[in-house]
Colleague: 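There's a structure below that I have some questions on.
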Amino acid sequence: GESVGLHLPTLSVQEGDNSIINCAYSNSASDYFIWYKQESGKGPQFIIDIRSNMDKRQGQRVTVLLNKTVKHLSLQIAATQPGDSAVYFCAENTGNQFYFGTGTSLTVIP
Amino acid sequence: KAGVTQTPRYLIKTRGQQVTLSCSPISGHRSVSWYQQTPGQGLQFLFEYFSETQRNKGNFPGRFSGRQFSNSRSEMNVSTLELGDSALYLCASSFWGENTEAFFGQGTRLTVV
């Protein structure tokens, strides 16, 4: 079955630095991916998505990179702020179902 | 535009009881998916509904069921509750369900005692 894994369960960065969160996926047929941010006590919040016909997409302070050759997804957060502290999930869409990784906990050190 | 609304936010139930959770999707969205989130297990897919039809189902026992109404609102039901059913139950709505943005509600925190 599909599996979506995260390379690092926790990540600590200094405020102002850039953060990179990685994700590996296993289904080469997946053609749509989303990154979510989940803060304590809240539901996952949509951050940015990317389709398989792209290898890069930029949003406000965030960039998602997709490498289909090695089935790898990454989320880059520029100038990380304390409000970015949360758990980040990647999700791959296959059919009508999303498969989620277990998440990476990002802690921003002031 | 209102977001995804889940009710109730918190529930405490006793083993053996049954529970019904509700999800109102974003206006215009026809797909509603349900997920169970527990520490260490991440988000596990329960089922997805589109236009009142269950299109996809995860690997959960038959005690977990759902339905969707003509206005796209969805309910999920868990019968004969077990302690292990304690979790955050999340629903996500999207326009098509496939290859489109999916937005989550705040979830319902279910505690089974």
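Note that the structure is predicted; figures quoted are calculated from it, not measured. First the proteins, then the strands, lettered A, B, ... as listed; each starts at 1.
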Colleague: Please classify the contact between B:Phe47 and chain A as side chain, backbone, both or neither, with a heavy-atom cut-off of under 4.5 Å.
Modeller: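 No part of B:Phe47 comes within 4.5 Å of chain A.
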Colleague: Around atom CG of B:Asn71, are there more than 12 heavy atoms from other residues, nucleotides or ligands closer than 6.0 Å?
Modeller: yes
Colleague: On a heavy-atom basis, which atom in B:Gln37 and which in A:Phe89 lie closest, and how many Å separate them?
Modeller: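 Closest approach of B:Gln37 to A:Phe89, heavy atoms only: NE2-CZ, 3.4 Å.
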Colleague: Would a hydrophobic clustering, with Ile, Leu, Val, Met, Phe, Trp and Tyr connected at side-chain separations under 4.5 Å, put B:Ile26 with B:Tyr49?
Modeller: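 Hydrophobic grouping puts B:Ile26 apart from B:Tyr49.
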Colleague: With a 4.5 angstrom heavy-atom cut-off, could you sort out which part of A:Gln38 is near chain B: side chain, backbone, both or neither?
Modeller: side chain
Colleague: So does B:Phe103 get a backbone contact from the side chain of A:Tyr36, meaning a donor-acceptor N/O pair under 3.5 Å?
Modeller: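 No, the answer is negative, given that no donor and acceptor are paired below the 3.5 Å cut-off.
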Colleague: Please check if B:Val78 and B:Phe45 belong to a single hydrophobic cluster, counting links between Ile, Leu, Val, Met, Phe, Trp and Tyr side chain heavy atoms closer than 4.5 Å.
Modeller: no
Colleague: Counting only heavy atoms closer than 4.5 Å, note whether B:Leu90 contacts chain A via side chain, backbone, both or neither.
Modeller: side chain
Colleague: Kindly compute the distance separating OG (B:Ser94) from CZ (A:Phe98), expressed to the nearest 0.5 Å.
Modeller: 6.5 Å
Colleague: Which heavy atom in A:Tyr32 sits nearest to a heavy atom in B:Glu101, and how many Å separate them?
Modeller: OH-N, 3.2 Å
Colleague: With a 4.5 Å cut-off on side-chain heavy-atom distances among I, L, V, M, F, W and Y, is there a chain of contacts connecting A:Val13 to A:Ile109?
Modeller: no
Colleague: Identify which part of B:Arg9 has an atom lying under 4.5 Å from any heavy atom of chain A, answering side chain, backbone, both or neither.
Modeller: side chain
Colleague: In terms of heavy-atom proximity below 4.5 Å to chain A, should B:Gln44 be classed as side chain, backbone, both, or neither?
Modeller: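 Nothing of B:Gln44, per the 4.5 Å heavy-atom cut-off to chain A.
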Colleague: For A:Lys42, is there any backbone N or O sitting under 3.5 Å from a side-chain donor or acceptor partner on B:Gln106?
Modeller: no
Colleague: In this structure, are over 12 heavy atoms from other groups packed under 6.0 Å from B:Ile12 atom CD1?
Modeller: no
Colleague: Could you see if A:Tyr25 belongs to whatever hydrophobic cluster contains A:Leu75? Use Ile, Leu, Val, Met, Phe, Trp, Tyr and a side-chain cutoff under 4.5 Å.
Modeller: yes
Colleague: Provide the closest heavy-atom pair for B:Thr100 versus A:Ile34 in the form atom of the first, atom of the second, distance.
Modeller: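 For B:Thr100 versus A:Ile34, the nearest heavy atoms are O-CD1, 4.3 Å.
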Colleague: Find the one option among B:Ala102, B:Cys91, B:Gly105, B:Gly107 whose heavy-atom pairs under 4.5 Å with chain A are most numerous.
Modeller: B:Ala102
Colleague: Can you confirm whether A:Gln60 is buried at CD, in the sense that more than 12 heavy atoms of other residues, nucleotides or ligands lie under 6.0 Å from that atom?
Modeller: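 Open.
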Colleague: Cluster question for you: counting only ILVMFWY and a side-chain heavy-atom cut-off of under 4.5 Å, with indirect links fine, are B:Leu81 and B:Leu83 together?
Modeller: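 Linked, B:Leu81 and B:Leu83 end up in one cluster.
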